[in-house]
Amino acid sequence: MLDLDKFPAGLRSGLSALAQDMAAHGTQRDDPAREVMAMLGDRWTSLILMVLAVGAWRHADLKRALAQLSAEQAISQRVLTMKLRALERNGFVLRHVTGDVPPKVSYSLSPLGLELAGEGRRMVDWANAREAAIRNARLAFDAMED
């Protein structure tokens with residue numbers, strides 16, 4: 001339970017509202033709000049979502065596209081598989097397997113995944129539109145550090 005008396009009076013109502021919202025939607029690590037935000041903040045998930053928003057991809061082609069688009073370069077097979085499974089588990093990615101021999105596997109976004117990719121795109125657009133302000137804030141902060 002949050003002890004509001006330990007915080008400045010001007011902050012208590014906002015903090016109380018935040019605590020109520022968190023209590024209503026969960027505070028455990030695996031609760032959707034926390035897990036989805038953590039996924040979006042990791043090194044690969046946002047880029048995977050944006051690439052999958054283009055269309056369905058076979059695993060090897062997706063891996064190759066991610067390597068060419070990311071600053072980190074190549075994503076390992078293991079990490080890509082883990083990220084795709086986590087996205088599939090949360091209902092964002094659909095895995096399609098053909099009956100061919102050997103089977104062909106492709107990945108695409110579910111309707112929920114398309115929504116999430118759209119929200120991620122809006123966040124990227126927001127940051128891009130404020131690039132100059134962010135760079136200026138960094139320069140000012142770094143100048144104070146010196």
Side-chain angles (χ1 to χ4, degrees), residues 1-2 4 7 11-146:
M1 182 80 181
L2 185 63
L4 292 173
F7 300 98
L11 302 176
R12 290 178 190 158
S13 67
L15 191 57
S16 176
L18 176 61
Q20 288 174 3
D21 183 57
M22 290 176 70
H25 297 286
T27 56
Q28 301 301 310
R29 283 186 126 170
D30 63 345
D31 286 328
R34 286 192 64 179
E35 194 165 312
V36 169
M37 293 306 293
M39 286 171 50
L40 291 176
D42 74 25
R43 185 181 301 188
W44 291 104
T45 301
S46 293
L47 182 57
I48 291 169
L49 286 169
M50 291 195 190
V51 172
L52 288 175
V54 173
W57 290 81
R58 296 211 33 219
H59 199 278
D61 294 331
L62 177 59
K63 186 176 187 300
R64 198 170 15 263
L66 292 169
Q68 290 184 24
L69 291 170
S70 81
E72 285 81 8
Q73 301 304 309
I75 183 172
S76 73
Q77 188 75 24
R78 178 182 174 274
V79 170
L80 178 56
T81 298
M82 286 175 30
K83 298 297 177 191
L84 288 168
R85 284 185 182 166
L87 288 165
E88 184 180 7
R89 178 177 182 258
N90 283 283
F92 303 129
V93 166
L94 302 172
R95 184 175 183 264
H96 308 279
V97 182
T98 67
D100 300 340
V101 177
K104 294 178 183 173
V105 179
S106 64
Y107 299 89
S108 63
L109 292 180
S110 68
L112 191 62
L114 283 167
E115 284 183 51
L116 181 60
E119 295 299 323
R121 181 77 246 175
R122 277 186 278 288
M123 289 184 350
V124 169
D125 291 344
W126 179 90
N128 287 341
R130 288 150 185 84
E131 181 178 352
I134 294 167
R135 290 188 186 279
N136 288 337
R138 289 176 180 177
L139 289 171
F141 181 87
D142 293 346
M144 289 186 330
E145 292 287 301
D146 292 336

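All values below were derived from every heavy atom in this structure, side-chain atoms included, with hydrogens, water molecules and symmetry-related copies excluded.
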Flag the pair [X] / [Y] as yes when at least one side-chain heavy-atom distance between them is below 4.5 Å, and no otherwise.
X	Y	result
Ser70	Ile75	no
Val105	His59	no
Asp31	His25	no
Met50	Leu69	no
Lys63	Gln77	yes
Val79	Arg43	no

Intermediate values then yes/no, salt bridge (Lys or Arg N to Asp or Glu O under 4.0 Å), Arg64 and Asp61: CA-CA 5 Å; Arg64 198 170 15 263; Asp61 294 331; 2.6 Å; yes
So, does [X] use its side chain to make a donor-acceptor pair with the main chain of [Y] at under 3.5 Å?
X	Y	value
Ser110	Phe92	yes
Asn136	Ala132	yes
Arg135	Glu131	no

Exercise. Please determine if Asp125 and Arg121 form a salt bridge, counting it only when a charged side-chain N lies under 4.0 Å from a carboxylate O.
Key: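 Arg121 and Asp125: salt-bridged.
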ask   = Below 4.0 angstrom, N of the basic side chain to O of the carboxylate: do Glu119 and Arg122 qualify?
value =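 Yes, Glu119 and Arg122 are salt-bridged.
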State, to 0.1 Å, how close [X] and [Y] come at their nearest heavy-atom pair, and which atoms those are.
X	Y	value
Gln73	Trp44	O-CH2, 3.2 Å
Leu109	Ala117	CD1-CB, 3.8 Å
Gln28	Arg34	O-CD, 3.5 Å
Ile134	Ala127	CD1-O, 4.0 Å
Ile48	Leu66	CG1-CD1, 3.7 Å

Can you confirm whether Arg85 is buried at CZ, in the sense that more than 12 heavy atoms of other residues, nucleotides or ligands lie under 6.0 Å from that atom?
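Check fails, neighbour count at 12 or below.
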Tell me if the CE atom of Met22 is crowded by more than 12 foreign heavy atoms within 6.0 Å.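 No, not enclosed.
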| task | Evaluate side-chain contact (heavy atoms from CB on, under 4.5 Å) for Leu112 paired with Asn90, printing each intermediate quantity in order. | result | CA-CA 9 Å; Leu112 191 62; Asn90 283 283; over 6 Å; no
Could you state the interatomic distance from [atom1] ([X]) to [atom2] ([Y]), rounded to the nearest 0.5 Å?
X	Y	atom1	atom2	result
Met39	Arg89	CE	CZ	9.5 Å
Ser108	Arg95	OG	CZ	12.0 Å
Gln20	Leu15	CD	CG	10.5 Å

side-chain contact (heavy atoms from CB on, under 4.5 Å) between Leu84 and Leu62, intermediate numbers included: CA-CA 11 Å; Leu84 288 168; Leu62 177 59; 4.0 Å; yes
**Prompt:** Just one of Thr45, Leu49, Val51 clears the side chain to side chain contact (heavy atoms under 4.5 Å, CB included) bar with Leu47, so which one?
**Reply:**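 One option only clears the test, and that one is Val51.
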